[in-house]
Amino acid sequence: MVQAVRIQKDLEALNEFTATPGQGTTRLSYSPEAAKARPFIKEIMVKAGLTVREDALGNIFGRLSTPEIDHKPIVLVGSHYDSVPNGGMFDGPAGIMAGLEVARLFQDQGLVPQYPLEIVAMVEEEGTSFNSGLLASRALCGFLTYEDLQKLQDQNGLSAAEHIKNAGYHPEEVEKLAYPPKALKAFLELHIEQGPILENLKKDVGIVDVIVGISQLQVVIQGKAGHAGTTPMGMRSDALLSASRVIAAAEKIAIEAGEYCVATVGRLNVYPNGSNVIPDKVTFTVDIRSKFKDKLDAMIAAVKASVHAEANSDITVSEHLTLYVEPTELSTVIVNNFREQSDRLGISEEPMVSGAGHDAMIFAKVTDVGLIFVPSKDGISHHPAEWTDYDEIAKGVEVLFETVKVLTEAKGKSND
Ligand code: HGY
Ligand code: MN
Ligand code: MN
């Protein structure tokens, strides 16, 4: 029987590793908080009967297997342990602890998988560090190169590769991390919904069939600094004014694109950032998403056009995509299994589109993928008030556990 209290204990303990205690969870990849979290994650994986390894990026794997089945494709279950700044304690960790609880249930019930079961805690899903999320899953699925890590930069211009190296890991080995083709039988992720639907409909779990397409556009606008008092309005090349027109345009573009289309400017830096200095340079991100590929592409093109419309003899602009993942349909085999298990267990379920991006959308390019949501209180996420009751997580774990048993063709020790 799923034990919510074990999930609660692990989540509360992991949440101790935050740079902003009392102001939500801030655990960026390769931060001191992440470094403290790793031994804890490894320890609870070992206690759950798993064989633990860590890869060159700091992804942590717990494996339940036997020599007879070691060569067979893996059922991988997990999520990420990095966060957004001042985020919530469930976004990512709920999926890792769900996987761990499944492993403990195998241990409690003496279940022996006929396909290896791996629980994974992944780095850098959020993209907070280098404006390019889903980093671990892209590496594990073979879509990330060392060159990519050398090109991605943090806000101070330090490359992702240098960050990873400074944390004691090996970015130069990133291309060796990918699971070989067919090495995965399935990838399953439990995640908080991060929206209000399940709570409003009073449903226990969401079974995701589509994840919206997600993109991150990095924009740089270069103007000319000047004195705020002595420079006449007609003689300015104000980078922030240009950026503000692009930001307003992005909102209009998304509203006009209709349902399941969104655009967000969440990160913006102004240089030199003096209250009496005309902004010289502005860098900002535009997060553009849609359930429909054609609308996603059209919105990206329209936002890019609004950036270039700001260029003139005194203003230069540049933009490039740091992330682009098409809308992703998830495996009907696993969606149906989740539904069958939920119905059999008397757990109410709702078919859902995910407006949030997840590692699941990358794994869906190489294997069958299932994503199961549990409710978010008031639909809040990426915020300290993010909350999901542990009993609600436990219901999602019950469904996950049954599906993992099916996919691993688990047998009781008794009926060998
Ligand atoms: O941004 C997202 O959709 C996810 O929370 N990384
Ligand atoms: Mn997440
Ligand atoms: Mn998130």
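Every number for a ligand or one of its atoms is a count from 1 in the order of the listing. Note that the numbering runs from 1 along the sequence shown for the chain.
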Novice: Taking atom types as modelled and ignoring hydrogens, do the side chains of Asp55 and His170 form a donor-acceptor contact shorter than 3.5 angstrom?
Specialist: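 Not at all, the side chains of Asp55 and His170 share no donor-acceptor pair under 3.5 Å.
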Novice: Tell me the protein heavy atom at minimum distance from atom 5 (O) of ligand 1, and give that distance in Å.
Specialist: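 The answer is His382 NE2, 3.0 Å.
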Novice: How many angstroms lie between atom CZ of Phe90 and atom OG1 of Thr388, to the nearest 0.5 angstrom?
Specialist: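 OG1 of Thr388 is found 5.5 Å from CZ of Phe90.
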Novice: Apply salt bridge (charged side-chain N to carboxylate O under 4.0 Å, His left out) to Asp287 and Arg289, showing your working.
Specialist: CA-CA 7 Å; Asp287 176 309; Arg289 309 185 189 201; 2.7 Å; yes
Novice: Heavy atoms, side chains only, cut-off 4.5 Å: are Ile334 and Val369 in contact?
Specialist: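 No. Closest side-chain heavy atoms not under 4.5 Å.
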Novice: Ignoring hydrogens and geometry beyond distance, is a side-chain donor-acceptor pair present between Arg344 and Gln341 at under 3.5 Å?
Specialist: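 The answer is yes; a qualifying pair exists.
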Novice: Is there a polar contact between ligand 1 and Glu126, counting only N or O atoms under 3.5 Å apart?
Specialist: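 By distance alone, the answer is yes.
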Novice: Please identify which atoms of ligand 1 are closer than 4.0 Å to at least one heavy atom of Ala356.
Specialist: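 With Ala356 as reference, the close atoms of ligand 1 come out as 3 (O).
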Novice: Just to confirm my output: which protein heavy-atom neighbour is closest to atom 4 (C) of ligand 1, and how far is it?
Specialist: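 Of the protein heavy atoms, Gly357 O, 3.4 Å lies nearest.
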Novice: Does His382 bring an N, O or S atom to within less than 2.8 Å of the Mn ion (ligand 3)?
Specialist: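 Yes - counting backbone and side chain alike, His382 has an N, O or S atom under 2.8 Å.
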Novice: Would you give the angle at the Mn ion (ligand 3) between Asp91 atom OD2 and Glu126 atom OE1, to the nearest 10°?
Specialist: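 Vertex the Mn ion (ligand 3), arms to OD2 of Asp91 and OE1 of Glu126: 130°.
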Novice: Tell me, which N, O or S atom in His191 is closest to the Mn ion (ligand 2)?
Specialist: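 Atom name returned: NE2.
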Novice: Any idea which atoms of ligand 1 are less than 4.0 Å away from a heavy-atom of Glu125?
Specialist: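 With Glu125 as reference, the close atoms of ligand 1 come out as 4 (C), 6 (N).
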Novice: Indicate whether any N or O donor in one side chain lies under 3.5 Å from an N or O acceptor in the other, for Thr66 and Glu68.
Specialist: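 Thr66 vs Glu68: donor-acceptor pair found between side chains.
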Novice: Would you say the side-chain atoms of Ser348 and Asp204 include a donor-acceptor pair closer than 3.5 Å?
Specialist: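 Yes, Asp204 and Ser348 have a side-chain donor paired with an acceptor closer than 3.5 Å.
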Novice: Any donor-acceptor pair under 3.5 Å linking the side-chain atoms of Tyr169 with those of Glu54?
Specialist: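 Present: a donor and an acceptor within the cut-off.
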Novice: Less than 4.0 Å is my threshold; does some heavy atom of Arg289 fall inside it relative to ligand 1?
Specialist: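 It does; at least one heavy atom falls under 4.0 Å.
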Novice: Has ligand 1 got any nitrogen or oxygen that is less than 3.5 angstrom from a nitrogen or oxygen of Ile214?
Specialist: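 The answer is no, given that Ile214 and ligand 1 share no N or O pair closer than 3.5 Å.
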Novice: Should His358 be listed as contacting ligand 1, given a heavy-atom distance under 4.0 Å as the test?
Specialist: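 No, His358 has no heavy atom closer than 4.0 Å to ligand 1.
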